[in-house]
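Data first, discussion second: the structure below is written as structure tokens.
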Protein chains: 2
Amino acid sequence: MAGKKPVFGDQARSVELLWKEAPRARRGPKPTLSVERIVEAAIAIADEHGLAAVSMERVASEFHFTTMALYRYVPGKAELVDLMIDWGVGLPPVLGDEGDSWRTKLERWARALWSVFHRHPWALEATHRLRVMGPCELAWLEAGLSALATTRLTPAEQRTACVVLLGHVRNTAQFSVTLPRGHGGLTNEQWGTATRALIQDRAEDYPRLLAVLSAPPSEGAQEDTLTFGIRSVLDGIEAREARPKAPPRAGRR
Amino acid sequence: MAGKKPVFGDQARSVELLWKEAPRARRGPKPTLSVERIVEAAIAIADEHGLAAVSMERVASEFHFTTMALYRYVPGKAELVDLMIDWGVGLPPVLGDEGDSWRTKLERWARALWSVFHRHPWALEATHRLRVMGPCELAWLEAGLSALATTRLTPAEQRTACVVLLGHVRNTAQFSVTLPRGHGGLTNEQWGTATRALIQDRAEDYPRLLAVLSAPPSEGAQEDTLTFGIRSVLDGIEAREARPKAPPRAGRR
DNA sequence: CCTTACTGTTTATCCACTAAACTAATTAGT
DNA sequence: ACTAATTAGTTTAGTGGATAAACAGTAAGG
């Protein structure tokens with residue numbers, strides 16, 4: 001139990017916090033705070049003011065504590081952020097009844113993720129690299145995989161499908177989410193307007209782009225983007241499903 | 001020329017640098033450095049040591065200059081990073097001859113992007129929000145749109161397709177790219193191994209995930225993921241292409 | 001009671017970004 | 001050519017954030 005292989009290297013301390021229960025101390029004064037309360041406070045700050053606003057001092061001051069007090073609970077800021085991610089995404093919803101098709105379930109999964117990223121926009125910036133995941137994040141993966149359990153996809157294919165779908169949702173959210181003030185947060189519309197202004201003197205260099213940006217703002221553009229990607233992936237799964245045993249070594253060039 | 005609408009807010013200074021040519025000064029000593037050389041040096045550092053290693057001091061020291069010297073060339077670090085992104089991605093390749101199908105061109109586009117993210121892994125962390133884009137980035141968009149010009153997709157649909165494809169490549173690259181040491185960079189294999197170690201005592205909570213992670217490491221997994229997504233999107237486009245005029249208000253729920 | 005372990009604070013570094021004042025160089029305009 | 005304006009790079013200094021180390025006070029365990 002003490003001799004863990006250091007597979008996670010850098011992130012071993014996050015693993016500790018994410019996966020082990022606190023080893024309740026005996027002597028000494030009782031802690032006033034808890035990891036839970038700290039993480040919740042940090043999430044609240046990030047929700048409202050962006051990830052950049054989350055500093056150890058800022059979080060500590062929520063409790064009228066000094067900065068260093070937090071280090072009694074979390075080893076450092078990186079670990080705090082790792083905890084924020086796992087708590088922020090929370091547990092996945094129940095995806096549907098027995099009777100529902102894998103398509104229905106998986107689409108529900110994707111749209112639930114979509115709403116997670118809208119509830120916690122900072123999760124987009126916090127998850128830009130492959131990193132240690134906590135129980136909640138892995139539960140999402142598990143849920144996605146479960147939706148595909150009844151299909152004929154190989155485990156590797158199921159994984160691919162989930163990863164691609166997750167990626168699509170994440171990415172589309174990046175265009176849809178409005179970051180808190182400052183922080184360079186642009187609306188999709190603002191981006192379009194501003195970009196068109198930049199290139200309209202250069203119509204010969206960006207003819208297609210100019211045409212696209214000059215089209216009417218199109219109300220449900222984000223919704224369309226989300227839907228297009230989801231449907232493409234689901235159709236892709238269906239195509240594999242339909243295909244006979246042959247291994248998936250296709251990839252037309 | 002002086003009265004620009006402040007559409008880009010925060011990022012107005014980046015716009016200036018990305019899109020205006022330098023207003024060649026007249027009096028005073030000649031500048032030793034140039035924005036170009038500074039950006040190149042910063043990119044080199046990021047390529048080798050990661051984005052976190054890029055500090056104003058570090059870049060300046062490449063030229064044996066003081067930190068503050070850089071502020072004669074760029075207004076601040078945020079703007080420098082914006083320039084790094086545009087220069088880093090560079091101009092898109094020529095996508096093919098007249099005769100090539102849109103499928104061929106767009107797939108070439110996607111795979112070229114893939115290699116950009118592998119050449120400059122830091123671009124993944126630097127582009128996590130909607131932001132001002134420079135001439136090169138927009139040229140990539142233009143190229144993607146051009147590939148679709150011969151199709152019957154509406155401008156909005158073309159945009160959706162490009163955005164989804166770009167997002168997919170970006171996202172898959174996140175799993176494939178190896179960050180420089182430290183920085184929490186995990187290989188995909190390392191992640192799999194470590195995650196399996198975490199959940200193998202909890203088989204009842206993560207049965208599917210455990211099965212997936214226990215499958216053989218699968219050599220070309222990244223390649224499969226990339227290909228699966230690309231093909232799904234291309235097929236999705238083809239499906240729209242085949243469909244008659246009806247507006248794309250589908251989206252089965 | 002007194003030892004021990006633990007909580008929260010104080011103090012102090014380190015590092016990065018950047019504002020402002022300063023020195024030196026160069027050229028425009030006379 | 002001389003002078004004033006202008007610019008390049010440096011020096012100095014201030015801010016803010018992360019975190020290490022030492023310290024004081026508190027609550028059990030013996």
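Computed from heavy atoms alone, side chains included, the values below leave out hydrogens, waters and symmetry copies.
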Assign each of A/G76 and B/M68 to its nearest nucleotide of DNA chain D by heavy atoms, then name whichever residue's nucleotide is nearer the 5' end. B/M68

Nucleotide of [options] approaching [X] most closely (side-chain heavy atoms):
X: A/A69; options: C/dG8, C/dC17, D/dA8; result: C/dG8
X: B/T32; options: D/dG9, C/dT7, D/dA20; result: D/dG9
X: B/K77; options: D/dT19, C/dT18, C/dC22; result: C/dT18
X: B/F65; options: D/dG9, C/dG8, D/dA5; result: D/dG9
X: A/P29; options: D/dG25, C/dA25, D/dT19; result: D/dG25
X: A/T66; options: C/dA5, C/dC17, C/dT9; result: C/dT9

Taking 4.0 Å as the cut-off, does a side-chain nitrogen or oxygen of B/Y73 come that near to OP1 or OP2 on D/dA8? no

Looking at A/T67, does any N or O in its side chain come under 4.0 Å of the phosphate oxygens OP1/OP2 on D/dG17? no

Heavy-atom nearest nucleotide on DNA chain C taken for B/K30 and for B/V54; more 5' hit belongs to B/V54

May I have the distance from [X] (atom [atom1]) to [N] (atom [atom2]), rounded to whole angstrom?
X: B/L70; N: C/dA16; atom1: CG; atom2: C1'; result: 13 Å
X: A/E57; N: C/dT9; atom1: CD; atom2: P; result: 12 Å
X: A/R72; N: D/dA20; atom1: CZ; atom2: C1'; result: 12 Å
X: B/R13; N: C/dA19; atom1: CZ; atom2: C1'; result: 12 Å
X: A/Y71; N: D/dA21; atom1: OH; atom2: C1'; result: 14 Å
X: B/L80; N: C/dA16; atom1: CG; atom2: P; result: 15 Å
X: B/R37; N: D/dG9; atom1: CZ; atom2: P; result: 10 Å

Working to the nearest 0.5 angstrom, can you tell me the gap between B/L51 CG and B/E125 CD? 5.0 Å

Within the structure shown, what part of the strands sits under 4.0 Å from A/M56 by heavy-atom distance: base, sugar-phosphate, or nothing? sugar-phosphate

Any side-chain heavy atom of A/H168 sitting closer than 4.5 Å to one from B/H168? no

With a 3.5 Å cut-off and sequence neighbours excluded, list the donor-acceptor pairs that the side chains of residues 36-46 of chain A form with protein atoms.
residue, atom, partner, partner atom, Å
A/R37, NH1, A/T32, O, 3.3

For A/H128 and B/H128, take the angle between the two ring planes, folded into 0 to 90°, and tell me which bin it lands in: parallel under 30, tilted 30 to 60, perpendicular over 60. parallel

If the threshold is 4.0 Å, N to carboxylate O, is there a salt bridge linking A/E142 and B/R202? no

So, does the side chain of A/R27 form a donor-acceptor pair with the base of D/dG29 at under 3.5 Å? no

